[in-house]
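Here the structure is laid out as structure tokens; the discussion comes afterwards.
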Amino acid sequence: RPPGVTDLDLEEPLDKETDEPSEDSQEWADNYAGTPFRLASLLPPVTWLPVYVRSVAGCPTSADLGAVGNLPYSLFGDVIAGITVGVMLVPQCLAFAMLAGLPVQAGLYSSFAPLILYSLFGTIRQVQPGPTALISLLTGQTLDALGLETDAARMAGASLLALTVGGVSLLLGALRFGFIVDLMSHSVMAAFCTAAGVIIGTSQLRHLLGIDMPRKKYWWKTVYGLASHADQVDPPTAVLGLALLAVLLFLKAWKSAGSSAQRREHAIWKRLPRDSASRAFRALRMVADLSSLLAVVLGWLWGLLYRQAGVESVRTVGAVESTGFVVGLPFGELGGPGAVQTDVMAASAAIIAVVGFLETVAVGGKFAAKARYNFDANQEFIALGISNLGGAVMCGYPTTGSFTRTAVNAMLGATSPVACLISSSLVLLAVLFLLPVIALLPLASLAPIIIQGAIGVVDFRGFRVAWRASRAEFFVMSATLLVSLALTVKEGLLVGLALSVLKTIFDLANPNLAVCGQLSDKSFRDIRNFRRAALVPRVVVVRMDARLNFANTRKLKEFCLQAVKVREGRGDRIDFVIIDGKSINHVDLTGCEMLHALAEALKSKGQSLIVANLKGPASKCLASAGVPDELAKHHGHLCIDMEQALAIVKHHDHAGQKAMADLQALVHNVENATRELQQRQLGRFSLATPKSGGPPGSPKRLLPSPGSTWPSLGRSSGAPRSPGPGGAH
């Protein structure tokens, strides 16, 4: 116990932050309890389906309204989106199967079970899984690397690959690997979505204009191909595609034109129905909601008129050979699962699993954030894993969340996985009944739907905001966009992720450092921004807005010494340097060593170091490393607030005994709180805390016994300092 501190002093409340919690105040632990794991979370419909039923029936509870965010459930929206996306999915999955070098029916096999299974296990309400261009390309490259050439062998290899991808995804989900999504900043996701929208929209121009050119791997090659084949534009196809695109964009613009008053002021919308209660307005709104389906129907009829007029240049989906769904794992064509190169299969499966997860969460997370509802990234891994396992059993190849179809799904008002179920039913009907009709559907009638959806996710405004707010964020976004356009979105995502991590490290190594002055309200603020803040006589107050660790310790030390040098150069006498630690929530060992070295350097000049405004976690770090005793050797102090630091400066607490006692009490409370949380997590936590004088073992405020000291920095207090690698680190 420090000399002069009585039992009465120790029993009095020192500060609200350091008071021991009473029985009633134990509720603080509930704030850190987190969401308990429930088996129902593995099957999301158990949670959302009752809410969906009540919402559709028109009797949602207040809890239901809070759970859906800004996207209330709508059966009508799910039906419209599910039907339209289902119509899009059939021709897309056939094309993507050919991209993977597989028979076209493999695309159908991959578009039924994965949708059903994702709707049962997924948590992003607007995602539409299935074959995608990126995963199809990776699948084809894997099958090529395995040396599979015949259709039967490639089908078997694709099924084995889907099975392996499913297993890897399940493993990553079980290991809670979904944290990888937290490493993707908003800027990376925005740039990725913009790049993907540009790539997808550009890729559809060949279908929109009737240009006969193969699909290109890189965006710039697509642009070059379009430019070099500009003379091959087919006028009938271009008229059809551009007309349908104009209709879709017109209806979308009218739908989002705003209120009746805003429509009345518009040069065009004022000539169309404006009253949302009128029958004409509701009819036109329904046409706008059905715009994609309208484009498909009009495109099919337009193509029919072309054929009757003898125009044969308009390309259609074409004939599809299929005998229905096939259930099983055709490993016999490979000579068994072990007949393939395990290393190639495993490495490719891991890449496809991670890239597919990032693709799903990047596009799905954008719409989830916009609609203000939550999703579980780890459950998304599990959902994609189960979806791929189901696709493998039906002789499909790996699938993931589709950027284009998810964008269209969200644009058309999808509110739940019910849209996935409806889309899967369209696939079933297509396989059984509609293949002859789909074969005659012009590709130019599908391209406008895809382009319209792609336009909706392109966000160049975010680049302008980043340019004004943070040039570093703008650089990360630009690099992600440019790499995605130059290579593929996979490389773009990886580059964006890497740059985001590097930016975080750079920001940590270059924190905001400020010399502070005192305002009339006794607070300390940056003298650069608060010109009326007065410098404290004989004291330099410095603040760092970051955790103190190995990346920034040198900068803080040099800044403190430079601030002292500047004040002394003006003729001021400096006796104390106070580091305002209110923005420091952690100190590592390098930071602890730096504080000791700084105190030692200041002592040689007759000055003392005070670290004030310490938070509980930072105090615990410093106490565990023995910093209080190390600073005391050089007349330094640790304080939990600035008032204590100023009391030491004014010699009201010259020896810092009161500051030391309060710091020790705060550290003890931190230890108690940590212990209580651990006990609660283990199921041994009790809200009732024994009061002082309770049974043996009840927590009491930690006070040093006479002659006791804080733990030292890994050596006895009397041992000489031996510089480790790098001196004082």
Side-chain angles (χ1 to χ4, degrees), residues 1-22 516 518 521-524 536-543 574-585 587 592 595-596 598-599 602-603 606-673 692 699-712 717:
R1 175 179 305 164
V5 180
T6 66
D7 290 340
L8 182 60
D9 294 329
L10 300 175
E11 292 175 359
E12 291 179 352
L14 298 173
D15 186 84
K16 290 184 178 180
E17 186 177 3
T18 60
D19 288 342
E20 282 194 19
S22 65
C516 298
Q518 192 172 28
D521 62 359
K522 305 303 181 182
S523 64
F524 285 83
V536 181
R538 302 187 300 113
V539 179
V540 170
V541 180
V542 173
R543 189 187 75 230
I574 302 300
D575 294 330
F576 295 92
V577 172
I578 300 178
I579 296 178
D580 186 349
K582 67 180 180 181
S583 299
I584 300 175
N585 58 13
V587 183
C592 295
L595 292 176
H596 177 272
L598 178 59
L602 292 173
K603 181 185 178 182
Q607 299 161 347
S608 299
L609 174 66
I610 301 176
V611 185
N613 258 345
L614 285 171
K615 297 179 179 179
S619 300
K620 176 67 167 60
C621 296
L622 294 171
S624 299
V627 174
D629 278 346
E630 296 293 332
L631 293 189
K633 297 175 185 177
H634 306 293
H635 309 298
H637 307 276
L638 298 180
C639 307
I640 66 174
D641 56 40
M642 290 296 290
E643 288 74 12
Q644 291 181 347
L646 295 179
I648 295 174
V649 170
K650 297 175 182 178
H651 303 290
H652 297 164
D653 184 21
H654 179 66
Q657 297 171 352
K658 182 68 160 53
M660 177 71 76
D662 284 4
L663 179 73
Q664 292 170 340
L666 174 60
V667 170
H668 180 62
N669 285 345
V670 171
E671 293 174 339
N672 273 352
S692 178
K700 298 180 181 179
R701 179 166 292 176
L702 176 64
L703 295 172
S705 58
S708 66
T709 60
W710 294 92
S712 62
S717 59

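With hydrogens and angles ignored, the 3.5 Å screen pairs no side-chain donor or acceptor of K522 with any backbone N or O of E643. For S608 (side chain) and H635 (main-chain N/O), a donor-acceptor pair under 3.5 Å exists by modelled atom type. In this structure, the side chain of K615 engages the main chain of K582 through a donor-acceptor pair within 3.5 Å. Checking side-chain atoms of Q607 against main-chain N and O of I574 turns up a donor-acceptor pair under 3.5 Å.
Summarising the geometry, atom CZ belonging to R538 is positioned 4.5 Å from atom CG belonging to D575; distances are rounded to the nearest 0.5 Å. Atom-to-atom distance recorded for L609:CG and L602:CG is 6.0 Å, nearest 0.5 angstrom. To the nearest 0.5 angstrom, N613 atom CG is 6.5 Å from D641 atom CG. Here CG of D629 is found 10.5 Å from NE2 of H596. Values are rounded to the nearest 0.5 Å. In this structure, CD on E671 lies 10.0 Å from CG on L666, to the nearest 0.5 angstrom.
Here the closest non-hydrogen pair linking P628 and M660 is CB-CE, 4.2 Å. Of all heavy-atom pairs spanning A612 and A645, the tightest one is CB-CB, 3.8 Å.
I579 is listed as a side-chain neighbour of L595, based on a closest heavy-atom distance under 4.5 Å. For the pair C639 and I610, the minimum side-chain heavy-atom distance is below 4.5 Å. Taking 4.5 Å as the limit, every side-chain heavy atom of Q644 sits out of range of all side-chain heavy atoms of I648. Between V649 and I578, the closest side-chain pair of non-hydrogen atoms falls below 4.5 Å. Taking the side chain as every heavy atom from C-beta outward, L663 and L622 never approach each other to under 4.5 Å.
A salt bridge does not link R543 to D580: none of the charged nitrogens lies less than 4.0 Å from a carboxylate oxygen. Between K658 and D662, at least one side-chain nitrogen of the basic residue sits less than 4.0 Å from a carboxylate oxygen of the acidic one, meeting the salt-bridge criterion.
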